> 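First, the structure itself, so that you have it in front of you.
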Amino acid sequence: MSSDAQALHHESFVLNVGPQHPATHGVLRIKLTMDGEYIVDAEPVIGYGHRMHEKMGENRSYAKFLPNTGRLDYVAALFNGHGYVGAVERLAGLVVPERAEYIRVITCELNRIASHLLWVGAFLVDLGGFTPLLYCFDDREHILDLLESVTGSRLTFCYFRFGGVCNDVDDNFIAGARAFVTSMRSRMPLYDAFVSKNIIFRKRCEGIGILSAAECRKYGASGPVIRGSGVAYDVRKLEPYSVYPQLDFDVPVYTEGDCMARYRVRIAEIVESLRIVEQALDKLPAGPVMADKVPRALKPPKGDCYFNVESARGSFGVRAISDGSENAYRLKLRSPCFSNLSLFQECARGMLLTDALALLGSLDLVIPDIDR
Amino acid sequence: MESAMPVKDLKASFEAIAQRNAAGQPLLAETDHGAKGTNLDLTVPAERVGDAARILDRAEYMIEAITGVDWLADKQMEIVYDFVDPVSGERVTFRARAPRDKPELPSISAVFPGANWHERETHDFFGIVFAGHPGLIPLLLPEDATFHPLRKDFAP
Amino acid sequence: MTEGMLMNLVRLLLYLVGMIGFAAFNAAYLTLLERKQASWMQLRRGPTEVGPWGLLQPVADGVKLMSKQLLLPRDVDVPLFLLGPIMVVVPPILCLVTIPFSETVVARNYNLGLLMIFAFGAVSTFALMLAGLASANKFSSIAAARIVAQNIAYEIPLLVIVLSLVMTTHTFNLHTIVAQQAGGFWHWNLLKLGANPLMPVAFLIYFICLLAESNRAPFDMVEAESELVAGVFTEYSGMGFGLFFIAEYVNIVVGCCLATILFLGGWHCPFGLLPGLHWFLIKMYALCVMVVWVRWSFPRTQFYGLLNLSWKYLIPLALANLLLTAVMLKLF
């Protein structure tokens, strides 16, 4: 159809989707050149929420930047914190106590489940179905309560510290997390019956918005997007960090590359995350949650290192460059959503408006993460 | 970890294009992923970034990020390219330097279309010009921005 | 003016006021039903603050909508823009005139009542398209184009199904159609398998077409809020916006009334006891609840999926149904 669309190019018109539009989940604007309902060109315009976090990283001390990390990808904020403290710890050569690493994994995986649940709900709203969102929020609420009890916040977490975490988990949290794992497992058949088997949902996702593995690679799309296209790239497995090597979990991969594959990857990841949480709770060792002797004014030696984590949306990386002072010399934040969105322009060409918006939803974008 | 093209096989092709130091040795080092976050770290002359990208494209690497660093004292701009093999998880980082007063180097967006946005962002922040880029207009900054906030001498 | 004419006029006015009142009341309280039902399905409680159990919520909504300014964007075609909501809301209210709610409660018993309802139904579509185009908004224009395609696609199976039904009833008079179904539920057209064994399928097709014709989810291409912002309604505010919703709910009521009359035996009791208005209302509101239930269970279809469903499945099925009815009629 795309050749037809180009033949009729002279009849095209520009449609501004966003910056305020129900389908863009934030201040993202997409300049669509349309031919009827077919998309001739789709140019994402970003930067409406740009706050220059990287500059803020340079003009304040390492510790003072910690709260900023919660404001990048606020749906899965713990991963940003993990990426940042990981990079600084690598730079400064800090060793994190094992208990702290386990707590990081438990809270991060809970955050991943919360993020995927929110995505399932929001994606269904993109497709015009409202009810699943409320069920997702119901389950997500339990996670937020749990995380609130240990981190003190519900969304923009600032929980990890250089050398550990700021607050130890208590028995209530552990019991609550175990209860959540059980209850969430019992809820999965409901999602399966209500969403995965819904005929209209399947018609709207199967074969829609197919992304090839090569496209993902050339654009740097990571996370569930590339795993839905048949590439098992998961930072937790391939570039192991924290205590992930000690935990047994699978990396769900689907080869179809369509919206349905990305949906299935995320649903399977919820199940895997539950496994990880359960194991980590079993293995949680006793001990301190902070490394000794972390100086208040951290001055990592001169150097340059990269640290990336598997966030809920893909590979979140931090390149930290130190000149030996209290502030970072350069702090590059590699956002997964930025790369995931960058392939939209090419892939949306020739698609119908409805399907393109389904593709956009399936990429799981958090706009402040793109804009930074 | 096994991959179709392990980093050590790529090393030879990179040695050919890497920048030489005063002693004629290529600026290239295999590093410990666990300590530095990358498996191979090398510096190439600014005009060879396209060649480096093509080597990685042939080896089916994935583009991770492009960014700049302003070395004010050295009067140089460093551009850092991060790539990862999505099958093995091995990483290659290559860097190039350009004079700070007129930083310009070739664009790799023809090889990796995903570089398009990363280069636009780097141009926004550092004013580094990527020759051959299809549209180096501000991405994250306002459309009429003429400043480059991550330059060390930037004053708002 | 003779006394008879005056009486007639007064009666007509009373009917009109009654119909408008019935339509407005239904529109208002169907929104409450919809919100309550949606909240039950979604683990929520719905409106609770205004009045006991949220019962005064529709009043509050109405007052709010009426107190809002009716904005006229710069580029709209003002006469058509203002005419749009009125033309959308009038036809479904007029349709109520010929609906027999019970043996006696019927405003005007037309011989061609069924035909009249479909004639007015077409005006509604036209008015929505007009409102979309007059808005001078790209999202509205896309929605207007979709409406035309959608309504053409779904009017055909709807009319074919009704036509095959009329072949068995031999009349367009709604009152007579109901009267024919007297007795227990096995006399209803839905189960009149002797005339046409595909009757339940015909009812299903009718129900799907009802959803599509009243632009309800999963076929709400008119609004499609996650794609087209608010579709045809994007530029409307205040009561202009409110009228579209009144029209939507009255359309549902008319569609469900018609389904009750055509398939479910109108005011007759399923067991032949105590026929009357209450049975009609029970059946009609049960169908309304089903319409709401479908909306909150399914995502929206793609636009081409919607057209495919009609052209590839519903229309052939409806035609087969028509053919079968004709054959059965000839044979028996």
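We name chains A, B, ... by the order of the sequence lines, and we start the count at 1 in each one. Treat the numbers as computed from the prediction; the structure is a model and nothing was measured. Heavy-atom basis, side chains included; hydrogens, waters and symmetry copies ignored.
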> Checking Ser339(A) against chain B: side chain, backbone, both or neither under 4.5 Å from a heavy atom?
side chain
> Do Phe160(A) and His82(A) make the cut of ring centroids closer than 6.0 angstrom?
yes
> Count the heavy-atom pairs under 4.5 Å between each of Pro149(B), Ala65(B), Gly114(B), Ala115(B) and chain A, then report the option with the highest count.
Gly114(B)
> Tell me, side chain or backbone of Pro336(A) under 4.5 Å from chain B's heavy atoms, or both, or neither?
neither
> Parallel, tilted or perpendicular for Tyr62(A) and Tyr84(A), by the 30°/60° rule?
parallel
> Considering only heavy atoms and a distance below 4.5 Å, find which of Asn308(A), Leu91(A), Val231(A) pairs most often with chain B.
Asn308(A)
> Looking just at side-chain N and O atoms, do Glu346(A) and Tyr219(A) make a donor-acceptor pair shorter than 3.5 Å?
yes
> For Phe125(B), is the NZ or CZ atom of Arg151(B) found under 6.0 angstrom from the centre of its six-membered ring and inside 45 degrees of the ring axis?
no
> Given a strict heavy-atom distance threshold of 4.5 Å, which part of Tyr241(A) is in contact with chain B: side chain, backbone, both, or neither?
neither
> Any idea which of Asp82(B), Val80(B), Thr38(B) has the most non-hydrogen atom pairs under 4.5 angstrom with chain A?
Asp82(B)
> What is the minimum heavy-atom distance between Val45(A) and Leu28(A), and which atoms define it?
O-CD1, 3.9 Å
> In terms of side-chain geometry, is the basic nitrogen of Lys237(A) or Asp234(A) positioned less than 4.0 Å from the acidic oxygen of its partner?
no
> Is chain B contacted by the side chain of Phe338(A), its backbone, both, or neither, given a heavy-atom distance below 4.5 Å?
both
> Measuring heavy-atom distances to chain B, does Ala221(A) have an atom under 4.5 Å in its side chain, in its backbone, in both, or in neither?
backbone
> Name the region of Glu54(A), side chain, backbone, both or neither, that has any atom closer than 4.5 Å to a heavy atom of chain B.
both
> Would you mind checking which part of Glu121(B) comes under 4.5 Å of any heavy atom in chain A, side chain (CB onward), backbone (N, CA, C, O), both or neither?
side chain
> Taking 4.5 Å as the heavy-atom cut-off, does anything in residues 314-327 of chain A contact chain B, and if so which residues?
Ser315(A), Arg319(A), Ile321(A)
> Can you give me the closest heavy-atom contact between Pro224(A) and Arg262(A), atom names plus distance?
O-CG, 3.9 Å
> Is any side-chain N of the basic residue among Arg58(B) and Glu60(B) closer than 4.0 Å to the acidic one's carboxylate O?
no
> Just verifying a value: how many Å separate Asp57(B) CG and Lys218(A) NZ, rounded to the nearest 0.5 Å?
3.5 Å
> So with a 6.0 Å cut-off around NZ of Lys302(A), is the heavy-atom count from everything else above 12?
no
> Output the distance between atom CZ (Arg120(B)) and atom CD1 (Ile46(A)), rounded to the nearest 0.5 Å.
7.5 Å
